[in-house]
Amino acid sequence: MKKVERINVMMRYINNRAHFTISEIMREFNISRSTAIRDIREIEAMGMPLIAEVGRDGGYFVMNNSVLPTVRFTDNEIKALFIAFMATRNLQLPYLKSRQSLAEKLIGLISEAQQEDIVLLNQILLFEGTNPNNPDLLELSDLPHPMLEKLIQTLLLDSYLLITINEEKEIRSYPIYLLHLYREKSIWLIEGFDLKEGKKQIFPVDNLTSVEPYPVNKRVSRKNILEKISKQEEVINLVLELGPQAIAQFKKYHPLKVSISYTNPYQTTAVLKTFINVNNSEELTEMTNWLLFLGGDIKVREMPEEILEGLQERLGLFCP
């Protein structure tokens with residue numbers, strides 16, 4: 001734990017206790033006696049009123065009615081917070097059902113001059129998903145799937161989950177070890193290791209009907225899961241060289257699993273290497289569309305025949 005982070009956590013630890021000793025601080029934060037004393041002195045210098053008790057069982061206590069020092073944000077930090085908040089409109093993010101009350105509370109913490117800056121920024125800044133005629137309008141799409149917050153709450157406690165998915169009128173349950181929860185093309189997706197099938201799978205949160213912890217006695221260790229995943233690494237079958245225009249398109253949008261490596265210090269050329277599952281028709285179509293989106297500023301080093309045929313067929317539609 002870095003010093004600044006340790007000091008912040010220690011302040012909260014101290015503020016929640018009527019009395020504490022150096023030994024308790026040493027055990028709680030796994031630090032030496034000299035470091036504990038130095039940190040406590042820094043906390044005192046920041047304004048927390050600590051009273052030292054002399055004697056064998058002595059220690060410290062916080063003066064009655066004391067509180068943590070007021071947190072103050074700089075002007076730039078306030079602008080950064082509000083711009084980030086504004087940029088999340090209509091992105092189906094969890095825990096943002098009370099945007100208006102959140103905004104009002106945040107604004108209530110800052111000065112009038114700072115409030116004026118925020119109001120002005122709200123008027124002149126537009127982001128993707130913002131209605132230019134009414135920037136404060138929240139579309140229905142701003143609300144995430146109702147299961148998303150429950151999923152997050154559950155996985156914060158446990159990564160081993162039993163999820164139930166509605167698959168075209170068929171309800172199926174999957175025991176998984178959750179690897180990632182991510183959002184791609186406005187859809188929240190679960191990447192998990194299927195404990196029954198022994199492989200990675202992707203599940204759309206929109207199809208999720210229930211989630212609960214998986215029984216402990218049926219689990220596989222995380223170490224074994226990662227070993228199985230490493231043995232199942234897909235062989236790269238798509239290799240492209242990207243020029244400046246293709247890199248610009250890549251930055252606008254790319255599938256989460258695809259990344260590039262720059263090949264010069266100016267980041268004007270790059271190499272893209274990935275695996276495409278040609279047996280998955282949806283992935284095949286998606287990758288074909290995306291490669292066309294990248295444009296003509298690419299050179300093909302390696303490409304599956306199925307992708308090449310798809311590109312030729314798609315381009316043939318535009319050629320008489």
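This structure is a prediction, so every number in the text was calculated from the model and none was measured.
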Answer whether the closest heavy-atom distance between the side chains of [X] and [Y] falls below 4.5 Å.
X: Leu81; Y: Glu77; result: no
X: Ile22; Y: Arg33; result: yes
X: Asp297; Y: Leu242; result: no
X: Asp117; Y: Phe82; result: no
X: Trp188; Y: Leu151; result: no
X: Pro204; Y: His145; result: no
X: Ile14; Y: Ile43; result: yes
X: Asp39; Y: Ile25; result: no

Quick one: closest heavy-atom pair of [X] and [Y], and the distance?
X: Gln232; Y: Lys200; result: OE1-N, 4.3 Å
X: Ser173; Y: Thr164; result: OG-OG1, 3.1 Å
X: Met86; Y: Asn122; result: CE-CA, 3.5 Å
X: Thr288; Y: Arg314; result: CG2-NH2, 4.0 Å
X: Phe193; Y: Lys228; result: CZ-CD, 3.8 Å
X: Gln92; Y: Ser186; result: OE1-O, 2.7 Å

Interatomic distance, [X] atom [atom1] to [Y] atom [atom2] [nearest 0.5 angstrom]:
X: Lys196; Y: Gln201; atom1: NZ; atom2: CD; value: 11.5 Å
X: Glu28; Y: Arg6; atom1: CD; atom2: CZ; value: 12.5 Å
X: Ile176; Y: Glu197; atom1: CD1; atom2: CD; value: 13.5 Å
X: Ile276; Y: Glu286; atom1: CD1; atom2: CD; value: 10.5 Å
X: Asn237; Y: Met303; atom1: CG; atom2: CE; value: 10.0 Å
X: Phe203; Y: Leu208; atom1: CZ; atom2: CG; value: 10.0 Å

With the 4.5 Å side-chain cut-off for hydrophobic clustering, are [X] and [Y] part of the same group?
X: Tyr253; Y: Leu294; value: yes
X: Phe293; Y: Leu240; value: yes
X: Ile37; Y: Ile40; value: yes
X: Ile190; Y: Leu157; value: no
X: Val278; Y: Leu272; value: yes

What's the verdict on side chain to side chain contact (heavy atoms under 4.5 Å, CB included) for Val239 and Lys273, showing C-alpha distance, side-chain angles and the deciding distance? CA-CA 5 Å; Val239 182; Lys273 297 180 180 180; 4.1 Å; yes
Among residues at least two apart in sequence or on other chains, which ones pass ring pair (Phe, Tyr, Trp, His ring centres under 6.0 Å) with Tyr177? Tyr160
Candidate pair Ser34 and Ser32, rule side-chain hydrogen bond (donor to acceptor under 3.5 Å, both in side chains), full reasoning: CA-CA 6 Å; Ser34 59; Ser32 67; 3.2 Å; yes
Is it the case that atom CG in Asn264 sees more than 12 heavy atoms from other parts of the structure closer than 6.0 Å? yes
With a 6.0 Å cut-off (strictly less than), is the heavy-atom count around NZ of Lys79, excluding the residue itself, greater than 12? yes
Can you tell me if [X] uses its side chain to pair, donor with acceptor, with the backbone of [Y] under 3.5 Å?
X: Glu170; Y: Glu167; result: no
X: Asp158; Y: Pro213; result: no
X: Thr285; Y: Glu282; result: no
X: Glu149; Y: Pro94; result: no
X: Gln115; Y: Ile107; result: yes
X: Thr268; Y: Pro244; result: no
X: Thr263; Y: Thr269; result: yes

Passes side chain to side chain contact (heavy atoms under 4.5 Å, CB included), Thr35 versus Arg38? Steps please. CA-CA 5 Å; Thr35 300; Arg38 188 165 54 249; 3.4 Å; yes
Could you list who else is in Leu256's hydrophobic cluster, with ILVMFWY side chains joined at under 4.5 Å, directly or through other members? Tyr182, Ile187, Leu189, Ile202
Are Lys150 and Gln153 linked by a side-chain donor-acceptor pair shorter than 3.5 Å? no
Measure the acute angle between the ring planes of Tyr13 and Phe29, then classify it against the limits of 30° and 60° as parallel, tilted or perpendicular. perpendicular
If the plane angle is over 60° it's perpendicular, under 30° parallel, otherwise tilted; pick one for His254 and Phe250. parallel
Met147 and its side chain to side chain contact (heavy atoms under 4.5 Å, CB included) partner, picked from Asp206, Thr209, Val211, Ile152: Val211
Verdict with supporting geometry, Leu148 and Leu181, side chain to side chain contact (heavy atoms under 4.5 Å, CB included): CA-CA 10 Å; Leu148 181 60; Leu181 176 63; 4.0 Å; yes
Please report the C-alpha distance between Met10 and Ile31 in whole Å, then the side-chain angles of each, then the deciding distance to 0.1 Å, and finally whether the side chain to side chain contact (heavy atoms under 4.5 Å, CB included) criterion is met. CA-CA 12 Å; Met10 192 180 295; Ile31 56 178; 4.0 Å; yes
Can you name the residues that form a salt bridge (Lys or Arg N to Asp or Glu O under 4.0 Å) with Lys199, not counting sequence neighbours? none
Thinking salt bridges, do Lys257 and Glu283 make one under a 4.0 Å N-O criterion? yes
